[in-house]
Asker: 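First the structure, which I've put down as structure tokens, then a few questions once you've had a look.
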Amino acid sequence: MINSEQYLVHKEPYYQPQGNEVTLFEAAYGARLPVMVKGPTGCGKSRFVEFMAWKLRRPLITVACNEDMTASDLVGRYLLDAGGTRWLDGPLTTAARIGAICYLDEIVEARQDTTVVIHPLTDHRRTLPLDKKGELVAAHPDFQLVISYNPGYQSLLKDLKQSTKQRFTGFDFDYPEADLEADILGRETGIARDIAVQLTKIGAAGRRLKGHGLDEGISTRLLVYAATLIQHGVGARDACRMALVRPITDDPDIRQTLDHAIDATFA
Amino acid sequence: MAATAPVFQHAPTEVYWTALDCGFPQVAEVFEACLLDAQARLSSKGVDAYIDAARTLGKLGRGVEPVLAFLESWPAAAEAAGEGALPALMELVRAIQKSPNGKALAPLMQTLAPVASRLKSVELTARYIAIARDLMERTTGSIHGFQQTQPSPGLPEFFTQAPLLLAQMTLTGLAHWVDYGVRNTRHHPERQQEFFSLNSADSRAVLQRERHGTLFLSVERQLDLYLRALWGDSEHLIPYSTAFDELRQPVPYYDHLGLRVPDAQEDARGVSGIDRYRVILAHMVGHRRWTKPLIADNYSPFQRMAIEFFEDCRVETLLMREYPGLRRLFLALHPHPVAGACDPEKASCLRHRLAMISRALLDSAHGYTDPHLMEFVARFHAVLAHGTASTREIADIALAYVTRTRRQSDQLANVYFDDTVVDYRDDNRQMWQFIEEGDEEEAFDQERKAEFKDEPDRLPPRHYPEWDYQSQSYRPDWVSVYETLHASGDASDIDGLLLKHAALAKQLKRLFDLLKPQDKVRLRYQEEGSELDLDIALRSLIDFKSGVTPDPRINMSHRTNGRDIAVLLLLDLSASLNDTVAGGVPGSQQSILQLSQEAVSLLAWAVDTLGDPLAIAGFHSNTRHDVRYQHIKGYSEKWGDPVKARLAALDAGYSTRMGAALRHAGHYLETQKADKKLMLILTDGEPADVDTADERTLIEDARQAVKELDTRNIYTHCINLDPRADEYVSQIFGHRYTVIDNIARLPERLPQLFVALTK
Ligand SMILES: Nc1ncnc2c1ncn2[C@@H]1O[C@H](COP(=O)(O)OP(=O)(O)OP(=O)(O)O)[C@@H](O)[C@H]1O
Ligand SMILES: [Mg+2]
């Protein structure tokens, strides 16, 4: 038997709700409806799912999807070994068997023929056929599927199929309001409130440039990095340049504008 | 030679006067003053050289003006640039004297002092002289190749403009400007004169390009980003010229068309040009956020000035709350008037008082001690302590301040101006509403009305350079492109056209369906796939045989990649499109325009089913000042009724200035996110415009524009309906063109061509 203990989230993750998403998620989980969390990179999607798993006391199995992933990477495969063959469940199958929340992070990264394997799990059937093994796994009653995706950097080629999208309930995430975001920075890094507020201001400046030379705004994650650097004794301007500007763009006009925003903010 | 010896007050003057040996009575009048000036500024050797040079000038036979001007200006010039500059100057004088350019001597001498005050060194003055000499030698006309007989039309103008030019450009810039002028006007005396007197558009444009300081054009995007990122504002920025009016410098302002800013900013007071721009913008943003207009009629001009100073400080205080780092910039740029510098007995000091309190409101370390000032600074901060206060509240404080500190002498006409101009602040025209039209308001209002007339309510133009093949250089900002949305007609007309071509449409659909899957990509390391990947399979087998866990991913498969092509279709809508077509459907005389309409509709419909992002635009021109670029379909628009309606209203007129349209279209296509970018140009003739006589000019410019697009990864292809097009079209587009000589078949050929290009 699989030890589902190992997948439990033991310590309460810090999650700052932005609205009523916690209640809504609980409702979706209550009805065992699949959930899709959408939002730009580093805005707290993964953190939210982790928090919900803890709150609902369900094991959490996270799969970071990528282009090379095949259906077998999710479902499982026969391994050949000297003694013959041995079946190994994939993470999705494991989650379905033990009644975990299975979180497929960045689902669009996976190829479309991979994503269809989740279809039978997401409708009333709640089953997972293991074709190669000739087994039909009925999902555990506590099993739930959660996917995340970032609508920002999708090319036309990488959108989810309608037939996939229409199997999920959805949450739209975005970067938190300045106040909440400052709270988050404080909680995550212990940084002083006034500096946290200044950091969110620079974050906001960067986000306004999305679509004007920036594909993505400055994420909460990067603000956390900047705060962390400052907490480690790096000067605020240097920390901001290093964590907020250098990673996100090579466009000199944007760099200079953000650098100026930093100078204008930290008098 | 001296007829009647003048009487001088100082004896030694006589000696120099004799040495000067000059008979002009005008010179006699000023000589003593000039000499005293020279003795005060020059070494004694320098004075001797001065007199010697003046003597030479007086004997050139060019009248009194050169010697008179030299006597008056040299002492100051020599003090600024150094006495050592004299030999080079006299060398130039001799060269001018040997040429037919004697008329240029007077302006050369007249502008010497201001020129030298810019150049400040012997070396630079020598370079200036060399530039002038080069200009002279290249523009003095020689007839029959051996004798120079025609004076240079540009040289006197050049000397006259030199002080203004050097205020804007470095010597290198000046040399470029001169060189451009010489190359482009050598054989046109009138144009040359216009160029060097700064009366022609290209002369101003080249000057603009060569100016020092931070040019608006080079930081426009940064300023757009700045407004957006820091202030969430996306207002249009419109530069005004600062180059041609040294006395009345225009001031920033904003109106319904956008924020008006200077076209260049020098670094000043330790603040870089770009930061000065940012401060100008921030200040106007502040007004746009927080200033509510007041009724002007209620106040005297003094009161209004006070209210403006206080309100400017209020918005700046609020701006600094938002971004504390702005304080450094504001304080660096705001003057710091000296207390007591203005004498109330002699001048009106109100401006000075207001500038001081303005400083004090921003700068807690202002250092002033006047109790009234201190009291009002405290009152100002008190109303702003909680929240943003309002224009109204601040106006009340300002009014109380003027009343409290009023002086009789405020009425004096002699206003004390030193250190009172805050040059980053706008003219505050948005702060006032006028109800009754009084005298002074009238002038203000008329100015605004005129502005409306001059600039119809459309987007301000974008300027593009044009390639001048003769000089092999760009004419900067030569062409103005205006953008509009194409007029709309009846969308159902287009549906009718599509219906008419139903059979063709069906055929096209099949063709386009074939396009959809393309670009096979091999995927290796697949557990399941369409075929065995032998290399990997063998490796796995070996692993298996040797007791190691083998890799099960021994297959490969193929994936079809989606298309990633963005297309822009650019239609020439010039007058020739109205011509009718021979050989069309018998009995129906179709115009090229109608056929284009059909062809474009079919293409747009087909491309839409394919899903490639497509934009359609048309252009025509009426001289370089008015190139119109009309949007018919944007990338984000679906192929639907609004687009069809615009296509239905397609209209032709004017000429074909293709280069500018290509550049403008390129700017749209460039921002598309796609692997491949295709610009299709549908035209029926060669580039031409009414203001360009030399037909090669616009062809060469279009060719240059295509090259530019090429470097930006935009693939161009021209579909030309002019059967004799091959010659010029290949010059422009290389081999990337198709001439359709049976125009009647355009509706069929255009989509086919598209398929062929993107297969
Ligand atoms: N609401 C929140 N409460 C607590 N922390 C948050 C919140 N939002 C963002 N964070 C912080 O931001 C970081 C990034 O969040 P997370 O990893 O959840 O982003 P994500 O949306 O999953 O990004 P990606 O799409 O790149 O995976 C977290 O590590 C946490 O520090
Ligand atoms: Mg994540």
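Residue numbering restarts at 1 for every chain, and letters A, B, ... go by the order of the sequence lines.
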Asker: Tell me whether Arg193(A) at atom CZ has more than 12 heavy atoms from other residues, nucleotides or ligands lying less than 6.0 Å away.
Answerer: yes

Asker: Assess whether side-chain contact (heavy atoms from CB on, under 4.5 Å) is satisfied between Thr257(A) and Leu230(B), documenting all intermediate values.
Answerer: CA-CA 9 Å; Thr257(A) 302; Leu230(B) 277 84; 4.3 Å; yes

Asker: Do other residues, nucleotides or ligands put more than 12 heavy atoms under 6.0 Å from the CD atom of Glu177(A)?
Answerer: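 Atom CD in Glu177(A) is not crowded, with 12 or fewer foreign heavy atoms closer than 6.0 Å.
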
Asker: In Å and rounded to the nearest 0.5 Å, what is the CG to CZ distance from Leu225(B) to Arg255(A)?
Answerer: 14.0 Å

Asker: By a 4.5 Å heavy-atom criterion (distance strictly below it), what part of Arg228(B) contacts chain A: side chain, backbone, both, or neither?
Answerer: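 When you check distances to chain A, atoms from both the backbone and side chain of Arg228(B) fall under 4.5 Å.
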
Asker: Could you go through the side-chain contact (heavy atoms from CB on, under 4.5 Å) check for Ile254(A) and Arg221(B) one step at a time?
Answerer: CA-CA 9 Å; Ile254(A) 294 194; Arg221(B) 175 161 182 261; 3.9 Å; yes

Asker: Any chance CZ of Arg289(B) has more than 12 other-residue heavy atoms, nucleotides or ligands included, within less than 6.0 Å?
Answerer: yes

Asker: How many angstroms lie between atom CZ of Arg208(A) and atom CH2 of Trp231(B), to the nearest 0.5 angstrom?
Answerer: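 Nearest 0.5 Å value for the CZ-CH2 distance: 9.5 Å.
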
Asker: Write down the atom of Arg278(B), the atom of Gln256(A), and the distance for their closest heavy-atom approach.
Answerer: NH2-O, 3.8 Å

Asker: In terms of heavy-atom pairs under 4.5 Å with chain B, which of Asp251(A), Asp73(A), Ile202(A), Thr70(A) leads?
Answerer: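 Most pairs with chain B among the choices: Asp251(A).
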
Asker: Using a 4.5 angstrom heavy-atom cutoff, name the option from Ala264(A), Ala205(A), Ala261(A) with the most pairs to chain B.
Answerer: Ala264(A)

Asker: Please look at Leu329(B) and chain A and tell me whether the side chain, the backbone, both or neither of the residue comes under 4.5 angstrom of a heavy atom of that chain.
Answerer: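 Side chain only.
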
Asker: Which answer fits Asp275(B), side chain, backbone, both or neither, if we ask what part of it has an atom under 4.5 Å from a heavy atom of chain A?
Answerer: side chain

Asker: Please state whether the side chain, the backbone, both or neither of Ile262(A) comes within less than 4.5 Å of a heavy atom of chain B.
Answerer: neither

